[in-house]
Amino acid sequence: MGTLAELKGYALALGLCVVAVPIAIHYDIPSSCFLLAAMLSCLFGGRKPSILAVIVLAIAFSFFVLPPKHYLGIAPESLVRFIAFVGAMLLATELIHAKRRSDLARLEREKEFRMMAETCPDCILIIDASQTIQFANPATAAIFGYSVEEVLSKSPSFLIEDLDLAQEPVGEFTARTKQGGVIDLDATCGRFGDKTTVFLRNITDRKHAERELAHSEETLRLTLDTIPVMAYTRSADGNVDYADRHASEYFGNTRQELRAGAWIESLHPEERDFILRRIHESSAAEQGYVMEYRRKGFDGVYRWFQTRVEPLKDSEGRLIRWYGILIDIDDRRRMEDMLRQTEAKLSRAAQMATAAELSASIVHEISQPIAAMVTNGQACVRWLNASPPNLANGVMAAERIVRDGKDAREIIKGLRTLFKRSAPQKIALSLREIADEVVLLKRSQLQREGASLDMLIPSELPTILGDRTQIQQVLLNLVSNALDAVRANADRPKALTVRSTASNGSVMVEVTDNGEGLADADRVFETFYTTKGDGMGMGLSISKSIIEAHGGRLWALNAKPCGAIFSFSLPCTDASVN
Ligand code: ADP
């Protein structure tokens, strides 16, 4: 089925034939008239209608023109003329068809170019040899504010002052719009014969963003250089790509040297491998870290620094960069070391003070079993000297001597460990045994004060890992404080309790008294806090640091209705106990 345009072509071709035949016959100009009709049907109807016209006109030529006329057949003598005539018609239509086809193709190309030029967001200018703009697309108006007509026939410098066509006009330019605004343009060009096509892209927004970015980077750099920390960044592959002024000044390296790895040289040789390994591990895990380590400054002196490094990731979680700061903590570290030494000295002093205080009660404790030993020794001598000697009573007296002797030895042993200056040694300890020793040391004082002490410590309590002397010192201090607290009890008995339980892998010890309670529960662990006239205010702070050094906790509460509860918990040696 032909399209409507084709049908119209056929109709036109047949119409032309119908008009051409009578005119040709009437004026006796058949060849030229028929040829013209065939050419016109090709020109206006197309190729296929022109073939129909050629067939119709060939029949008409044979019927009306060639002898014998009004007869459809062709006499042999007319055959050559007939073929020549039909050939001429076919040749003419073919030539017209070829011309028409090339015209259509050219029109199509022109249409495409126009469409492209009109829709292109970049400005396109065609400039001829005399340096005038021959063509400008609509984007020119959008970019420069001039209409296309205003631009045509002008020199390109009308739009961009610096545009020099003598040289290749490529690169970035600034120009003014008709309204006076300044715009940034990126130019590329192509030459075709003596014409130059210039493409201009408006990059004002991009340049503005670049300038903003450069400005904010400069502001950031100034900020980093002004705040008193050393700051640096590392690229995603781990290389230092920025170090602020403080860092380069302190380490005496240029930023380029720091980038090239000079910072590794400034690490302390004892820590270097460890630090590099940590950095490597955190880079692999893409996680930030905090480390304290020594680094050598430009003066060759090592100082302590704390570094904090965090990764920056994009919205999809991809690592972009590492940001790090270095804070000089050398003074703090020195202060901490000094404090540690002072605390150790104080602890030792308090230990000595406790021991000195206790030695008095120990002397008292020892004098008791010694007096008993003397009495029992005398009794033993008497029983053995009797005649006959009373061996049974003699043995009983001798056994009492042995028992009292052992008691005295235990007391002396406890005293020796208190005085011994030895590094803490952590061993498996039975809290029951420690509590027994403390009670032994405090027995006579308790009796003297008329105070009772209940021991609620199960014998199957799990052991804890600790230094015997230190744990003993803590418990002794808590019991001494409890005893001090109940001393003023006038209207109620003076009652102390030492209770111990095991749960969740740790052992808890509670020392309870029914004294006045804590005057200020928040301050009791402060060093030098004391409410006693002769107090030093060190016992509890030292006890707390001892318990914490053992991985435990020490705390205090007021008891109901009166008194205080001091509790500490320590991990069991066998963590499976609960
Ligand atoms: P000191 O016994 O030399 O005062 P401590 O550090 O042992 O030093 O105790 C600090 C303070 O805590 C005591 O002065 C006291 O006010 C308070 N305190 C300690 N134990 C008790 C207790 N069982 N009851 C009431 N107050 C206590």
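Nothing fancy with the numbering, it's 1 onward along the sequence. Numbering of ligands and ligand atoms starts at 1, following listing order.
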**Report entry** Pairing of R277 and D273 as salt bridge, 4.0 angstrom limit
**Finding:** no
- Item | Between R553 and S569, a side-chain donor and acceptor under 3.5 Å | no
The salt bridge (charged side-chain N to carboxylate O under 4.0 Å, His left out) partner of E292 among R332, R278, R303 is R332
Sorted by chain and residue number, the residues having a heavy atom closer than 4.0 Å to an atom of ligand 1 are N477, N481, A482, A485, D513, G517, L518, V524, Y529, T530, T531, K532, G535, M536, G537, M538, G539, L540, A564, F566
Table please: side-chain donor-acceptor pairs of residues 507-521 below 3.5 Å, with sequence neighbours left out.
| from | atom 1 | to | atom 2 | distance (Å) |
| --- | --- | --- | --- | --- |
| E510 | OE1 | R499 | NH1 | 3.2 |
| D513 | OD1 | G515 | N | 2.9 |
| D513 | OD1 | A564 | N | 3.4 |
| N514 | OD1 | N489 | ND2 | 3.1 |
| N514 | OD1 | A495 | N | 3.0 |
| N514 | ND2 | P493 | O | 2.7 |
| D520 | OD1 | D522 | N | 3.3 |

Check: Is it true that D241 and R321 make a salt bridge, defined as a side-chain N closer than 4.0 Å to a carboxylate O?
Finding: yes
message: So does D484 get a backbone contact from the side chain of K532, meaning a donor-acceptor N/O pair under 3.5 Å?
response: no
